[in-house]
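Right, one structure below, let's go through it.
Owing to the predicted nature of the structure, the values given are computational and were not obtained by experimental measurement.
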Amino acid sequence: MEESSLKAENRISAFINSFDTGNTPFLDELEQFAIRTNVPIIRPETQSLLKLLLAMKEPEEVLEVGTAIGFSALLMSEYGPENCKITTIEKYEKRIPLAKENFKKAGKEKAILLLEGDASEWLSKLAGPYDFIFMDAAKGQYIHFLPDVLRLMPVGGILISDNVLQDGNVMESRFAVTRRDRTIHGRMREYLYELKHNEQLQTAILPVGDGVTVSVKKR
């Protein structure tokens with residue numbers, strides 16, 4: 001991307017984010033902690049999109065793949081309907097205790113169920129349905145998670161997938177990315193193609209944050 005285009009894009013993002021009303025004090029504090037400790041959490045633009053979709057859908061059952069320290073699960077619990085139940089999956093052992101602690105501090109330990117372990121294994125065991133699914137785990141695994149995710153979604157269910165543009169790398173030729181990134185690059189392109197061409201889904205790819213897809217399961 002040319003420098004002038006990048007500057008314009010950054011200015012647009014800053015302008016849009018200047019209107020943001022923020023979150024609860026606890027979520028704002030947790031976001032600052034994540035920034036200080038280099039824990040990846042969803043970007044402000046993605047937060048706004050999630051809040052909008054939660055208000056539109058009013059889901060009763062939410063499934064999140066990728067908990068980290070619990071920021072997005074807490075955001076969805078806070079801005080989803082009062083009776084919303086959230087199931088979230090995380091396998092990184094060092095972050096699980098911190099996520100649990102954050103759920104307890106926020107008074108959300110009864111509203112959020114944390115499943116510890118490999119997402120592929122848990123997804124194959126879950127029965128669902130989940131009318132709102134947020135995918136924010138290992139990007140190279142999205143394509144492998146998709147069959148179970150589709151099984152768990154009812155008609156009208158929404159699937160949101162984060163970080164699909166990989167800071168622009170997904171647009172490049174596979175030979176333009178480093179050798180170690182070629183597998184994830186190829187899998188993400190395959191995932192995007194499947195989302196757009198799967199007859200069960202209607203999908204939009206949005207340049208929000210680091211790229212977000214929003215998919216609805218059709219009749």
Side-chain angles (χ1 to χ4, degrees), residues 30-31 34 37-43 45-47 49-50 53-54 59 61-77 80 85-100 102-103 112-153 157-167 169-170 177 180-195 198 201 203 205-206 208-215 217:
L30 187 56
E31 183 174 26
T37 56
N38 295 316
V39 175
I41 61 171
I42 54 175
R43 302 183 188 187
E45 305 95 310
T46 309
Q47 295 173 36
L49 178 62
L50 271 183
L53 294 172
L54 287 164
E61 294 285 346
V62 172
L63 174 63
E64 175 184 54
V65 185
T67 313
I69 59 172
F71 178 84
S72 50
L74 284 168
L75 182 135
M76 290 189 288
S77 182
K85 294 180 180 178
I86 296 176
T87 301
T88 182
I89 305 171
E90 179 59 54
K91 75 171 184 177
Y92 188 30
E93 294 179 358
K94 291 184 178 180
R95 287 180 180 159
I96 289 171
L98 191 52
K100 288 182 175 179
N102 288 329
F103 296 157
I112 303 174
L113 172 63
L114 175 57
L115 303 177
E116 304 177 29
D118 185 80
S120 294
E121 295 180 10
W122 276 115
L123 289 171
S124 67
K125 296 175 184 177
L126 293 174
Y130 297 96
D131 45 350
F132 197 94
I133 300 179
F134 182 49
M135 193 96 78
D136 191 22
K139 310 305 174 269
Q141 298 303 311
Y142 284 10
I143 187 65
H144 301 310
F145 295 157
L146 189 58
D148 275 315
V149 165
L150 285 172
R151 176 181 59 81
L152 293 168
M153 290 173 69
I158 295 177
L159 166 64
I160 303 101
S161 306
D162 198 18
N163 302 118
V164 297
L165 296 183
Q166 303 175 319
D167 290 317
N169 280 346
V170 75
V177 299
R180 67 178 182 178
D181 292 331
R182 286 178 186 171
T183 297
I184 188 172
H185 173 273
R187 288 180 179 176
M188 183 54 74
R189 283 197 167 201
E190 183 183 356
Y191 182 68
L192 293 175
Y193 182 91
E194 181 62 26
L195 290 183
N198 191 299
L201 298 173
T203 297
I205 303 173
L206 307 175
V208 173
D210 187 27
V212 175
T213 58
V214 180
S215 307
K217 190 170 183 179

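Residues Tyr142 and Met135 come closest through the heavy atom pair OH-O, 3.2 Å. Shortest non-hydrogen contact noted between Arg151 and Leu123 is NH2-O, 2.7 Å. Heavy atoms only, all atoms of each residue included: Ile86 and Ala73 are closest at CD1-O, 3.3 Å. The two atoms that bring Ala99 and Thr67 nearest to each other are CB-CG2, 4.0 Å, heavy atoms only. Here the shortest heavy-atom pairing between Pro40 and Ala68 reads O-CB, 4.3 Å. Across all non-hydrogen atoms, the minimal contact from Ile89 to Ala119 is CG2-CA, 3.8 Å.
Rounding to the nearest 0.5 Å gives a distance of 12.0 Å between CD of Glu121 and CG of Leu115. If you take CG on Leu192 and CD1 on Ile205, they are separated by 4.5 Å, rounding to the nearest 0.5 Å. Taking CG of Leu126 as the start and CG of Asp148 as the end, the distance is 8.5 Å to the nearest 0.5 Å. One distance of note links CG of Leu30 with CG of Asn102; it measures 4.5 Å at 0.5 Å rounding. For the atom pair Met153 CE and Leu63 CG, the distance stands at 10.5 Å (nearest 0.5 Å). Here Thr37 contributes atom OG1 and Leu98 contributes atom CG; the two are 8.0 Å apart, rounded to the nearest 0.5 Å.
For the residue pair Tyr191 / Ser161, a side-chain donor-acceptor distance below 3.5 Å is found, with atom types taken as modelled.
For Glu64, the side chain to side chain donor-acceptor pair (under 3.5 Å) partners at least two apart in sequence or on another chain are Ser72, Thr88. By the salt bridge (charged side-chain N to carboxylate O under 4.0 Å, His left out) test, Glu194 pairs with no residue at all, sequence neighbours left out. Judged as a side-chain contact (heavy atoms from CB on, under 4.5 Å), and not counting sequence neighbours, the contacts of Glu61 are Lys85, Tyr130, Asp131. Here Arg95 pairs with nothing under the side chain to side chain donor-acceptor pair (under 3.5 Å) rule; sequence neighbours left out. Listed by chain and number, the residues in a side chain to side chain donor-acceptor pair (under 3.5 Å) with Thr87 amount to none (sequence neighbours excluded). Scanning for side-chain contact (heavy atoms from CB on, under 4.5 Å) contacts around Ser120 gives Asp118, Phe145, with sequence neighbours left out.
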Going through the distances and angles, do Val164 and Leu195 end up as a side chain to side chain contact (heavy atoms under 4.5 Å, CB included)? CA-CA 11 Å; Val164 297; Leu195 290 183; 5.9 Å; no
Quick one: do Glu31 and Phe71 satisfy side chain to side chain contact (heavy atoms under 4.5 Å, CB included)? Show the steps, please. CA-CA 7 Å; Glu31 183 174 26; Phe71 178 84; 3.8 Å; yes
Audit row: Ile160, Thr46, side chain to side chain contact (heavy atoms under 4.5 Å, CB included) steps and yes/no: CA-CA 10 Å; Ile160 303 101; Thr46 309; 5.7 Å; no
May I have the step-by-step check of side chain to side chain contact (heavy atoms under 4.5 Å, CB included) for Phe132 and Leu50, ending in yes or no? CA-CA 10 Å; Phe132 197 94; Leu50 271 183; 4.0 Å; yes
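Results of the salt bridge (charged side-chain N to carboxylate O under 4.0 Å, His left out) test with Glu116 over Lys91, Lys100, Lys94 single out Lys100 as the only residue that passes.
Taking 4.5 Å as the limit, some side-chain heavy atom of Leu146 sits within range of a side-chain heavy atom of Leu159.
Side chain of Arg187 to main chain of His144: no donor-acceptor pair is present (N/O by atom type, distance under 3.5 Å, no hydrogens or angles).
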